[in-house]
Amino acid sequence: MVKNSDTAKRRNIYLLTNKGIGQYNRRSEELKKKGIDLAECADYLNEMNMENMCKLSHEEFINLGCLMVTRIPILKNELPPNIPLVHHKIDGVLYIKQEVRNRLMMKATESDIREWHSRAADVCIDYDKPLEEKVYHLTRSGRIREASRLVKSERYRIIDTAEEELTELVCEIAKTTEDADMLMIATRVLIENGNLDTAMDLATKIYFEDNKLGGSLISEILLKKDRKIEALEMAIDSYDGGHMTGLVLGMCLLENGHPEVAKKCLKHARESMVDSKCLFLMDTLLRYEAMAELDLDNPRGYSRLMTTAISLSRSPRRKADMVALSEHIGSEHGVLLEGVEV
């Protein structure tokens, strides 16, 4: 029983012994060396109350929200200092306690969340965070024009990697615009990912604005759907002398059993591509040139071109496909690549 108490309830009383005090002091010093102040930690215990929430300025609320929506680490030097309710780990990464997050989400409106994403987009752009994070936050904040400009400036990288989340974001942006470039990027990314039905919908939309570009994309999709004759007919109608329509026409000619004509068409497309200084899909072009050489009984030409195609490819998917194809051809025909281990 507690002395001088009129209650029958038992109570536990804890005392810190001299040994415990010594251990506390040693541990406190160790933590201070790592940048953690136990005196500050005591203030964190009851920080999430309505009084603290009401004291937040609009700017502090937005910076807190920025940390709420970011999906990657944000360092303390990447946001203004001394934001209430925000702490940092030993490595400088900022974080918010879970109960703070829960209370903020209860208080936030849709407009607040868009503003949080907008601040997060600015941080990601200012500190060169990954591309998908920039596009994600720009899209979620409603800054679609900026997101579209960023996607178009990085179009070849996006198409070559064709990452799942970026593909979804690009398609989301494309649905809000009539911009032919944006629609083309979305279509190409979908083709790379094998989502041919959605790609066909977008390519058809492009076709009504630009029948050459749209028709060339449609013929490529038809070819991947194994509708070879329709693909060739569309490719012939869409050919404009450029390297992209020439590439697709060459692909369709080869798949329809015309290697000699395909070889000439692809060679012309390659020369045009080099002249334009745009080597996007050069690996695909060289792959089809290599297959034309193989069909024309020129294994050395095939080996040289396929080796170069694999070496040039920046797309993990396309490179893996070409390596698998070359392995198959090597086992079937005994044709080995020059200087490439497969």
Where the side chain of [X] meets the backbone of [Y], is there a donor-acceptor pair that is under 3.5 Å apart?
X: Ser313; Y: Ile310; answer: no
X: Thr177; Y: Ile173; answer: no
X: Lys134; Y: Asp128; answer: no
X: Arg227; Y: Ile221; answer: no
X: Ser311; Y: Thr307; answer: yes
X: Arg287; Y: Ala309; answer: no
X: Ser216; Y: Ser238; answer: no
X: Arg143; Y: Ser118; answer: yes
X: Ser148; Y: Ile144; answer: no
X: Arg270; Y: Lys267; answer: no

Inspect the contact between [Y] and [X] and indicate whether a charged nitrogen and a carboxylate oxygen are less than 4.0 angstrom apart.
X: Asp240; Y: Lys212; answer: no
X: Arg27; Y: Glu30; answer: yes
X: Arg318; Y: Asp160; answer: yes
X: Arg155; Y: Asp181; answer: yes

In terms of hydrophobic clusters joined by side-chain contacts under 4.5 Å, are [X] and [Y] together?
X: Leu296; Y: Val261; value: no
X: Met273; Y: Val248; value: no
X: Leu266; Y: Val274; value: yes

Is [X] atom [atom1] crowded by more than 12 heavy atoms from other residues, nucleotides or ligands, each under 6.0 Å away?
X: Asn18; atom1: CG; answer: no
X: Asn82; atom1: CG; answer: no
X: Gln98; atom1: CD; answer: yes
X: Phe280; atom1: CZ; answer: yes
X: Lys89; atom1: NZ; answer: no
X: Ile72; atom1: CD1; answer: yes

Just how far is it from atom [atom1] of [X] to atom [atom2] of [Y], taken to the nearest 0.5 Å?
X: Thr109; Y: Glu115; atom1: OG1; atom2: CD; value: 8.5 Å
X: Leu232; Y: Ser219; atom1: CG; atom2: OG; value: 9.0 Å
X: Thr284; Y: Glu289; atom1: OG1; atom2: CD; value: 12.0 Å
X: Tyr288; Y: Leu247; atom1: OH; atom2: CG; value: 8.5 Å
X: Leu94; Y: Leu64; atom1: CG; atom2: CG; value: 10.5 Å
X: Asn298; Y: Ser303; atom1: CG; atom2: OG; value: 10.0 Å

Does a side chain donor of either His137 or Glu132 reach within less than 3.5 Å of an acceptor in the other side chain?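 There is no such pair between these side chains.
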
Would Asp201 and Thr198 count as having a side-chain donor-acceptor pair, cut-off 3.5 Å? no

With side chains defined as the heavy atoms from C-beta onward, is the minimum distance between [X] and [Y] less than 4.5 Å?
X: Glu230; Y: Lys225; result: no
X: Tyr95; Y: Leu67; result: no
X: Leu305; Y: Met291; result: no
X: Met306; Y: Leu286; result: no
X: Leu217; Y: Ile191; result: yes
X: Thr161; Y: Ser315; result: no
X: Thr167; Y: Glu163; result: no

Would you please test Leu150 and Leu131 for side-chain contact (heavy atoms from CB on, under 4.5 Å) and show each step? CA-CA 9 Å; Leu150 180 58; Leu131 176 63; 3.8 Å; yes

Walk me through whether Met244 and Met184 qualify under side-chain contact (heavy atoms from CB on, under 4.5 Å). CA-CA 12 Å; Met244 292 305 297; Met184 183 278 291; over 6 Å; no

Take Phe61 and Leu104, measure what side-chain contact (heavy atoms from CB on, under 4.5 Å) needs, and give me the verdict at the end. CA-CA 9 Å; Phe61 183 66; Leu104 280 171; 3.5 Å; yes

Apply side-chain contact (heavy atoms from CB on, under 4.5 Å) to residues Glu164 and Asn193 and explain how you reach the verdict. CA-CA 8 Å; Glu164 184 176 350; Asn193 275 315; 5.9 Å; no

Can you list every side chain to side chain donor-acceptor pair (under 3.5 Å) pair that touches residues 246-266, not counting sequence neighbours?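 As it turns out, the side chain to side chain donor-acceptor pair (under 3.5 Å) pairs with a partner in residues 246-266, which skip direct neighbours, are Lys263-Glu293.
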
Among residues two or more places apart or on two chains, list those pairs meeting side chain to side chain donor-acceptor pair (under 3.5 Å) that have a residue in residues 61-76.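 Pairs touching residues 61-76 that pass the test: Asn63-Arg119, Arg71-Glu133, Arg71-Glu165.
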
Against Ile113, only a single residue in Arg140, Met68, Met105 fulfils side chain to side chain contact (heavy atoms under 4.5 Å, CB included); can you say which?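 For Ile113, the side chain to side chain contact (heavy atoms under 4.5 Å, CB included) test succeeds with only one of Arg140, Met68, Met105, which is Met105.
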
